[in-house]
Number of protein chains: 2
Amino acid sequence: MGSVEEQPADGGTGSIAHRVPDLGALELLLAVARLGSLGAAARELGITQPAASSRIRSMERQLGVALVDRSPRGSRLTDTGALVTDWAGRVVEAARAFDAGAQALRVRRDSRLRVAASMTIAEYLLPGWLLALRAGRPDTAVSLLAGNSAAVAERLLSGEADLGFVEGLTVPPGLDSAVIAHDHLIVVVAPAHPWARRRRPLPAAELASTPLILREKGSGTRQVLDTALGGLARPLIELSSTTAVKAAAVSGAGPAVLSELAVGEELGLRRLVKVPVEGVALARDLRAVWPTGHRPAGPARELLSLTRG
Amino acid sequence: MGSVEEQPADGGTGSIAHRVPDLGALELLLAVARLGSLGAAARELGITQPAASSRIRSMERQLGVALVDRSPRGSRLTDTGALVTDWAGRVVEAARAFDAGAQALRVRRDSRLRVAASMTIAEYLLPGWLLALRAGRPDTAVSLLAGNSAAVAERLLSGEADLGFVEGLTVPPGLDSAVIAHDHLIVVVAPAHPWARRRRPLPAAELASTPLILREKGSGTRQVLDTALGGLARPLIELSSTTAVKAAAVSGAGPAVLSELAVGEELGLRRLVKVPVEGVALARDLRAVWPTGHRPAGPARELLSLTRG
DNA sequence: TGGGGACATAAGCTGGGCTTATGGGGAGTG
DNA sequence: CACTCCCCATAAGCCCAGCTTATGTCCCCA
């Protein structure tokens with residue numbers, strides 16, 4: 001009926017939200033897969049059976065694929081349904097990590113465990129730890145404050161935080177620490193960039209003289225880079241999140257310097273290529289820290305033990 | 001104003017969709033981070049500036065956190081905004097993989113590249129490859145058919161598919177192949193399960209005599225396990241997607257046997273524990289396959305080269 | 001043959017998100 | 001100093017997706 005839909009072509013970029021079912025629908029699909037029935041899934045999510053039925057059906061319409069085989073004694077996934085469900089699982093998993101992190105940002109007062117962490121750790125490692133902690137101790141309210149090493153130290157020493165994580169080269173005075181992981185900053189470019197075809201390591205001087213896509217001044221990553229290059233890093237553009245830096249690098253805007261934790265997936269899929277560099281030390285330790293003498297106990301100890309994964 | 005909000009407590013499980021902004025909002029946040037302005041982000045997503053403004057604001061209300069600093073010359077992320085944006089990036093990334101896969105399931109006709117793949121590969125590796133392919137060749141329409149090895153072979157030999165991927169122990173007759181990766185099935189249990197504390201490898205006989213959480217009969221994983229155990233695997237329960245099996249194992253229902261590709265994240269976070277097993281061969285190759293003599297060319301060759309990542 | 005479990009359909013409500021229209025606050029320019 | 005441009009915010013109104021309640025159909029089993 002009506003007029004022909006104007007399909008905006010949408011070549012690759014462009015809003016994905018219209019083509020992917022929303023999180024509620026994906027969650028519902030997972031529940032159906034697990035419980036084997038639309039009605040049971042609906043009960044679990046606190047909606048009615050017709051709501052679940054209609055939601056699954058509209059998801060099938062949107063994707064253009066049959067997802068479940070309905071029968072008078074339950075519903076089972078089709079083959080493609082099983083596939084879609086597994087893909088959905090990864091979206092929902094990422095959303096759970098998001099939720100765990102966001103909840104920690106919100107709950108300021110009366111938290112049982114107050115964590116202060118530097119950016120790289122808060123971005124890439126903490127959400128997973130929070131999920132694991134929640135699995136073991138569902139009632140532990142955690143609050144999270146992200147900042148640079150100095151801010152983390154200050155919170156710990158003033159008693160406003162119970163456990164900290166820093167990624168610098170040095171441990172702030174007054175704190176004990178334990179190394180929990182190692183990190184390297186790496187130079188990455190889009191596959192089309194000339195540096196992607198270099199066979200020889202890039203000299204530090206050339207890195208220092210080339211404009212780079214960077215986080216803004218004050219970020220831990222930026223500080224390590226500036227120190228390593230002798231305060232010389234030249235910004236091509238300064239962006240306000242690691243994700244934005246990655247997006248710019250992938251789009252070919254120029255070389256970027258990022259934690260290898262940040263670009264694992266991009267490297268695996270060849271969306272970014274690592275450029276070897278010589279003559280500059282870009283390694284750093286990731287450490288848990290706490291006020292000297294106050295060994296972590298209770299929930300803090302619990303969290304610390306998760307970081308040995 | 002109004003009454004006190006009834007907070008449903010919602011301890012850990014329970015629908016996440018109400019606490020996490022929807023994909024459109026997350027995408028908008030990423031655009032704001034990248035472009036530095038609400039209006040520019042709105043234009044990129046094809047909505048109006050007031051819509052973007054209101055959406056970001058309601059996201060801030062939902063999360064209880066300020067995300068962007070607005071000024072008369074643009075908007076920049078706050079510190080916590082940068083953190084949230086990075087977390088959002090991973091959700092959106094998973095959604096893009098979902099979309100790439102779903103699109104391949106849908107476009108049946110006139111696809112330039114028709115792929116047939118077995119489940120494990122379609123679940124865990126293909127979406128990434130499709131994203132990479134789309135980045136390089138945005139106009140290559142790909143169709144995907146998932147099935148067992150026999151079905152993959154049949155499609156290839158009948159000319160209904162250009163390139164296949166199988167995960168069995170043997171290569172179907174009439175096909176050439178190249179090993180692209182190795183996979184191992186592993187036994188996993190929740191950390192609380194007695195097997196999690198075993199020091200000695202589990203004898204194959206004990207594995208065979210213990211009821212397990214399994215994919216249903218006919219799945220490639222199940223076949224490999226049945227063969228390895230001599231047709232003896234006893235199901236505790238049979239579920240219709242890998243995700244459902246993982247969820248059951250994590251919840252402590254019993255031991256599960258899964259590809260290590262499927263449980264990398266769960267192992268890292270200690271949500272599942274690997275149980276060593278002795279006396280049974282659970283390794284298998286992942287292979288690209290094509291009709292004997294018809295070396296992949298064009299888009300198929302392109303895709304094949306991505307699999308060497 | 002009656003009951004129960006599971007899914008489908010229909011009708012009506014509500015709210016979130018979009019649009020258009022309008023206003024205010026810096027910054028650069030003659 | 002006014003003019004203009006580029007931000008962002010607010011207000012009013014529309015529309016559709018998704019929910020609920022009520023009811024129908026199918027199949028299995030006692």
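Protein chains get the first letters and strands the later ones, always in sequence-line order, with residue 1 at the start of each. Computation of the quantities below employed the complete heavy-atom set of this structure, encompassing side-chain atoms and omitting hydrogens, waters and symmetry-equivalent molecules.
Looking at B:E27 and A:I16, their side chains come closer than 4.5 Å, going by heavy atoms from C-beta outward. Between A:W87 and B:D99 the shortest side-chain heavy-atom distance does not fall below 4.5 Å.
Under the salt bridge (Lys or Arg N to Asp or Glu O under 4.0 Å) criterion, A:D226 pairs with A:R222, sequence neighbours left out.
Applying a 4.0 Å cut-off to non-hydrogen atoms, the residues of residues 62-79 of chain A that approach DNA chain D are A:P72, A:R73, listed by residue number.
At the phosphate of D:dC19, neither OP1 nor OP2 sits under 4.0 Å from any side-chain N or O atom of A:T48. Look at B:S53 and you'll find a side-chain N or O under 4.0 angstrom from OP1 or OP2 of D:dA9.
Counting only distance, with no hydrogens or angles, the side chain of A:S219 and the backbone of A:R215 share no donor-acceptor pair below 3.5 Å. Judged by distance alone, the side chain of A:R271 and the main-chain N or O of B:A135 form no donor-acceptor pair under 3.5 Å. Put simply, the side chain of A:E238 never gets that close to the backbone of A:L214: no donor and acceptor are under 3.5 Å apart.
Heavy-atom contacts of chain A under 4.0 Å fall on DNA chain C between two terminal nucleotides, which in 5' to 3' order are C:dG5 to C:dT9.
A:H18 places its NE2 atom 15 Å from the P atom of D:dC16, with the value rounded to the nearest Å. Following rounding to the nearest Å, A:I56 (CD1) and D:dC19 (P) show an atom-to-atom distance of 11 Å. Between the CG atom of A:D22 and the P atom of D:dC19 there is a distance of 8 Å, given to the nearest Å. The CD-C1' distance, from A:E60 to D:dA17, rounds to 17 Å in whole Å. At whole-Å resolution of the value, CZ in B:R57 and C1' in D:dC8 are 9 Å apart.
Considering A:L29, A:L26, A:L77 in turn, A:L29 is the only one that fulfils the side chain to side chain contact (heavy atoms under 4.5 Å, CB included) rule with A:V84.
Considering every non-hydrogen atom in both B:A66 and B:T78, the closest pair reads O-OG1, 2.9 Å.
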